[in-house]
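Following: one structure in C-alpha cells, then a few remarks.
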Number of protein chains: 2
Amino acid sequence: MRLLCPHTEAIWTRLARVEQALLTRIEADVKAAGFPPIVWYDVLISLANAPGGRARPLDLERTMLLPQYATSRLVDRLEQAGLVERQTCPTDGRGQFIAITPEGRKLQKKMWPTCAAAIERHLGSKLSVDERIQLRGLLEKLLS
Amino acid sequence: MRLLCPHTEAIWTRLARVEQALLTRIEADVKAAGFPPIVWYDVLISLANAPGGRARPLDLERTMLLPQYATSRLVDRLEQAGLVERQTCPTDGRGQFIAITPEGRKLQKKMWPTCAAAIERHLGSKLSVDERIQLRGLLEKLLS
DNA sequence: GACAATTACATGTAATTGCATCTAACAATA
DNA sequence: TATTGTTAGATGCAATTACATGTAATTGTC
C-alpha cells in the first residue's frame with residue numbers, strides 16, 4: 001500500500017539524518033575550539049543583530065522555533081554565563097527584554113570564524129553555488 | 001568580513017529550523033493518535049525490513065546516525081515495551097541482535113497510516129513533484 | 001598462547017528536555 | 001472596579017540525552 005510519495009519519504013528520512021549529522025559535526029568542531037554549544041551562538045547573533053542588542057523571549061522563540069520553556073532555560077544559562085541580561089519591559093509588565101552584554105558580543109565575535117569555517121567545511125563545500133541556491137529556496141518553501 | 005557564502009549560511013539556519021519544525025509537527029500528529037515517538041517507528045521499520053527481522057545495534061546506529069549510547073537506551077525502551085528483543089549473536093560474543101517481535105510488527109503496521117499521513121501533510125504537500133526530486137537529490141548529496 | 005589494542009555494547013552521573021502547571025500582568029466585559 | 005479570559009514567562013518533576021567510563025569478547029602481534 002503506497003500511502004506516501006517515495007520522494008517525500010526519502011526527504012523525510014534524509015532530512016533528519018542530514019540535520020543530525022551536520023549538527024553533530026559542526027558542533028564537534030566548535031566545541032573542539034573550546035566554545036559553548038552552537039545554539040548559544042545563535043542566540044547571541046540574533047541579539048547582536050536586533051535593534052538595541054535585545055529582544056523579547058517570545059521573539060527568540062519564534063526565530064529559533066524553540067518551545068517556550070526551552071527559551072526560558074536557554075536564557076537562564078546564557079545569563080548565568082554573563083552573556084545576556086534580563087531587563088524588565090517598560091511597555092508590558094509581564095514581559096522582558098533579553099539584552100546581549102559586552103561579554104556576549106565579545107564571545108559572538110570570537111566564535112564567528114570557527115563557526116563559519118565549520119559550516120563551510122561540513123555544508124558549503126559539499127554543494128555547488130547553484131545547488132546552494134536551489135536548496136536554500138526549497139528549505140524556505142518548507143518553512144512557510 | 002564575509003567568511004561564509006550567504007547561501008550556505010541561510011541553508012544552515014533553515015535546515016535546523018525546518019527539521020525541528022517538521023519533527024515537532026509530525027510527532028504531534030503521531031502522538032495525538034496515541035502512538036509512541038516516531039523514532040520508535042524508525043527502529044521498527046528498520047528491523048521489519050532487515051533480513052530475519054533483526055539487526056545489530058551497530059547497524060541501527062549507522063542507519064539512524066545515533067550515538068552508540070542512544071541506540072543502547074532506545075533499544076532498552078523498546079524492549080521494555082515488548083516491541084523488540086535482544087538476542088545473543090552466535091558469531092560474535094560481544095555483539096547481539098535486536099529482533100522485532102510480533103507485537104513490534106503489529107505496532108509498526110498500525111502506525112504506518114498515521115505516520116504517512118502526517119509526513120504527507122507537513123512535508124509532501126508543500127512541494128511539487130519536481131521540487132521533491134530536487135530536494136531529495138540535494139539531501140542525498142549532503143549525506144555523503 | 002600471552003598480552004596489548006580494539007570493538008561491541010552497557011551504564012553511572014550530570015545536564016537537558018518535555019510536559020504540565022503556576023504566577024503575574026494585561027485586556028475585555030459587565 | 002470586580003470578574004473572567006488571555007498572554008508572557010517560570011518552574012517542579014519525570015524522561016531523555018550527553019559524556020565518560022566500564023566490562024567483556026575479539027583481534028593482532030609476537
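As the structure is a computational prediction, the values presented were derived from the model and not from experiment. All heavy atoms count here, side chains included; hydrogens, waters and symmetry mates do not. Chain naming here is simple, since letters A, B, ... match the order of the sequence lines and numbering starts at 1 in each.
At whole-Å resolution of the value, CG in Leu23(A) and P in dT17(D) are 14 Å apart. In this structure, Glu61(A) atom CD and dG18(C) atom P are separated by 13 Å, rounded to whole Å. dA8(C) atom P lies 7 Å from atom CZ of Arg56(B), rounded to whole Å. Rounded to whole Å, atom P of dT6(C) lies 17 Å from atom CG of Asp92(B). Tyr69(A) places its OH atom 12 Å from the C1' atom of dA14(D), with the value rounded to the nearest Å. Residue Gln80(A) contributes atom CD, which lies 15 Å from atom C1' of dT11(D) at whole-angstrom precision. Between Arg77(A) atom CZ and dT17(C) atom P there is a gap of 5 Å when expressed in whole angstrom units. As rounded to whole Å, 7 Å separates atom P of dA8(D) from atom CZ of Arg62(A).
Position along DNA chain C of the nearest nucleotide to Phe97(B) versus Thr91(A) favours Phe97(B) as the more 5'-ward residue. DNA chain D is contacted by both Gly95(A) and Ala70(B); Gly95(A) maps to the nucleotide lying nearer its 5′ end (nearest heavy atom per residue). Taking for each of Asp76(A) and Leu74(B) the nucleotide of DNA chain D with the nearest heavy atom, the 5'-most of the two is the partner of Asp76(A). If you find the closest nucleotide of DNA chain C to Pro37(A) and to Pro90(A), the one lying nearer the 5' end belongs to Pro37(A).
For Pro57(B), whose side chain is taken as the heavy atoms from C-beta onward, the closest listed nucleotide among dA10(C), dC9(C), dA8(D) is dC9(C). The nucleotide whose nearest atom lies closest to any side-chain atom of Gln96(B) is, among dT11(C), dC19(C), dA10(C), dA10(C).
One cannot find a donor-acceptor pair under 3.5 Å joining the base of dT26(D) and the side-chain atoms of Arg94(B). Scanning atom types as modelled, one donor and one acceptor separated by under 3.5 angstrom connect the side chain of Gln68(B) and the base of dA10(C).
Looking only at side-chain heavy atoms (C-beta outward), Thr71(A) and Val43(A) stay at 4.5 Å or farther from each other.
Here Lys31(B) reaches the OP1 or OP2 of dC19(C): one of its side-chain N or O atoms lies under 4.0 Å away. Checking the phosphate oxygens (OP1, OP2) of dC9(C), no side-chain nitrogen or oxygen of Ser72(B) falls inside 4.0 Å.
Among the heavy atoms of the strands lying under 4.0 Å from Arg73(B) is at least one base atom, whether or not backbone atoms are also near.
Checking Arg132(B), Gln134(B), Arg136(B) one by one against His7(A), the side chain to side chain donor-acceptor pair (under 3.5 Å) holds for a single residue, Arg136(B).
The distance from atom CD of Glu103(B) to atom CD of Gln108(B), rounded to the nearest 0.5 Å, is 13.5 Å.
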request  = Kindly determine whether Ile26(A) and Trp12(B) satisfy side chain to side chain contact (heavy atoms under 4.5 Å, CB included), including the steps that lead there.
outcome  = CA-CA 10 Å; Ile26(A) 291 173; Trp12(B) 167 242; 3.6 Å; yes
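Nearest approach of Gln20(A) to Leu65(B), heavy atoms of both residues: CG-O, 3.5 Å.
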